[in-house]
Participant: 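Sharing a structure here in structure tokens format.
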There are 2 protein chains.
Amino acid sequence: MKKQKTELTGVCRLQVQGVKDTQDLLSGKWKTVIIAALYNAGKFRFMDLSRHIEGISPKVLSKELKDLEMNRLVKRTVLDTMPVTVEYELTPQGKSLNKVVEAMGEWGIKYRKSILKK
Amino acid sequence: MKKQKTELTGVCRLQVQGVKDTQDLLSGKWKTVIIAALYNAGKFRFMDLSRHIEGISPKVLSKELKDLEMNRLVKRTVLDTMPVTVEYELTPQGKSLNKVVEAMGEWGIKYRKSILKK
DNA sequence: GTAAGTAGTTTCCATTAAGTAAGTGCTTTC
DNA sequence: GAAAGCACTTACTTAATGGAAACTACTTAC
């Protein structure tokens, strides 16, 4: 008899790997929040995001947006208005994170309630 | 006329806040992976987790488990066997993260496939 | 008595993330 | 012509995270 209880099957390993991949892509304090904001707003300009996401500095916002753009989750569009404006929106790839965003949103709301009850 | 396009409604704000709360609780590289592993395994001993999650050091694993325990997502049980063994499992609160884990798992699997296709 | 297994802790170091503050280059408004 | 708004960038600093290696304390097996 071999030890079996400590082994996970292939399907589970795959899921754990998937979680790890997703986690790596969404690393840091802000990426999921940015995605959630864009998910709700559709499009946002830099200053809209900056104002909407409390506590984020322009430097960090800029860096996070670049990361997200590199991973093809966010699309950046420069409009040739005079003062230049830049729009950010989710790519289809980014929009496909909807289940993750919704699950995290719902869970967070419930968790907050359960804490306040005590 | 006021600017309206840059405003999110209350419900959306709530969701963004929820995402932020969840993100804060699951901060760092490893927490979601640990939760996914426990979600699949039911129970795991320290060394099981250590072996199963590739690349994590005992120090970091120990710290992450403590954080998760503090936030009541993971339960730690010491068994009075001789060599002492310790079991970790998700609390009901931790188990309620199932949608998040599943969504992240699925998305990660799809994302990986979409990258490989190119 | 030496090794190996369990469940960690400790120390030390490197990397990364994040925050502050100021600056840039452009334009419109006062 | 000064201020203010947009979209950033740069420089500097601090805080947080993460990793490697060794060590503790206990027990069983060889």
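Residue numbers begin at 1 in each chain, while the letters A, B, ... track the order of the sequences.
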Participant: I want to check one thing: is the phosphate of C:dT20, taken as OP1 and OP2, less than 4.0 Å away from some side-chain N or O of A:Ser57?
Facilitator: no
Participant: Please pick, from C:dA7, D:dT9, C:dA18, the nucleotide with the shortest atom-to-atom distance to any side-chain atom of B:Arg45.
Facilitator: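 Ranking C:dA7, D:dT9, C:dA18 by closest atom to the B:Arg45 side chain puts C:dA7 first.
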Participant: In whole angstrom, give the distance that lies between atom CZ of B:Phe44 and atom P of C:dA7.
Facilitator: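 Roughly 12 Å, once rounded to whole Å.
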Participant: Could you measure the distance from the OG1 atom of B:Thr32 to the CE atom of A:Met104? Nearest 0.5 Å is fine.
Facilitator: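 Between atom OG1 of B:Thr32 and atom CE of A:Met104 there are 9.0 Å.
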Participant: To the nearest 0.5 angstrom, please state how far the CD atom of B:Glu64 sits from the CD1 atom of B:Ile34.
Facilitator: 5.5 Å
Participant: Between D:dA20 atom P and B:Lys63 atom NZ, what is the distance in whole Å?
Facilitator: 16 Å
Participant: If you compare every side-chain N and O of A:Lys66 against the phosphate oxygens of D:dA7 (OP1, OP2), does one of them come in below 4.0 Å?
Facilitator: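 Checking A:Lys66 against D:dA7: no side-chain N or O falls below 4.0 Å of OP1 or OP2.
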Participant: Are B:Arg76 and C:dG8 close enough that a side-chain N or O sits under 4.0 Å from OP1 or OP2?
Facilitator: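 B:Arg76 to C:dG8 OP1/OP2: side-chain N or O found under 4.0 Å.
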Participant: Distance check needed: C:dG8 C1' versus B:Glu87 CD, whole Å only.
Facilitator: 16 Å
Participant: Nearest to the side chain of B:Val86, heavy atoms from C-beta on, is which of C:dG8, C:dA18, D:dG18?
Facilitator: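 Shortest atom-to-atom distance from the side chain points to C:dG8.
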Participant: For A:Asp24 and C:dT15, what is the distance between atoms CG and P respectively, to the nearest whole Å?
Facilitator: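 Rounding to the nearest Å, CG of A:Asp24 and P of C:dT15 are 19 Å apart.
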Participant: Nearest to the B:Trp30 side chain among D:dG18, C:dT9, C:dT6, which nucleotide is it?
Facilitator: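 Of D:dG18, C:dT9, C:dT6, D:dG18 is nearest to the side chain of B:Trp30.
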Participant: For B:Met47 and B:Lys59, find the nucleotide of DNA chain C closest to each by heavy atoms; which residue's nucleotide sits nearer the 5' end?
Facilitator: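 It is B:Met47, whose closest nucleotide lies nearer the 5' terminus.
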Participant: Rounded to whole angstroms, how far apart are CG on B:Leu49 and C1' on C:dA7?
Facilitator: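 Atom CG in B:Leu49 sits about 12 Å away from atom C1' in C:dA7.
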Participant: What integer distance in Å separates B:Lys29:NZ from C:dT16:C1'?
Facilitator: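 Computing the B:Lys29:NZ to C:dT16:C1' distance gives 11 Å.
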Participant: Closer than 4.0 Å, any side-chain N/O of B:Arg51 to the OP1 or OP2 of C:dT6?
Facilitator: yes
Participant: Determine, for B:Lys43 against B:Glu87, whether the closest basic-nitrogen to carboxylate-oxygen distance falls under 4.0 angstrom.
Facilitator: yes
Participant: Counting just side-chain N and O atoms, does B:Tyr88 come under 4.0 Å of either OP1 or OP2 of C:dG8?
Facilitator: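 Affirmative; the distance criterion is met.
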Participant: When the distance from NE2 of B:His52 to C1' of C:dA7 is rounded to whole Å, what number comes out?
Facilitator: 19 Å
Participant: For B:Tyr39 and B:Glu102, does a side-chain donor sit closer than 3.5 Å to a side-chain acceptor?
Facilitator: yes
Participant: In whole Å, I'd like the distance from the CG atom of A:Leu61 to the C1' atom of C:dA17.
Facilitator: 15 Å
Participant: Which nucleotide, C:dA17, D:dT9, C:dA7, lies nearest any side-chain atom of B:Thr85?
Facilitator: C:dA7
Participant: Let me check something: do B:Val78 and B:Met70 share a hydrophobic cluster, defined by ILVMFWY side-chain heavy atoms less than 4.5 Å apart, either directly or through other members?
Facilitator: no
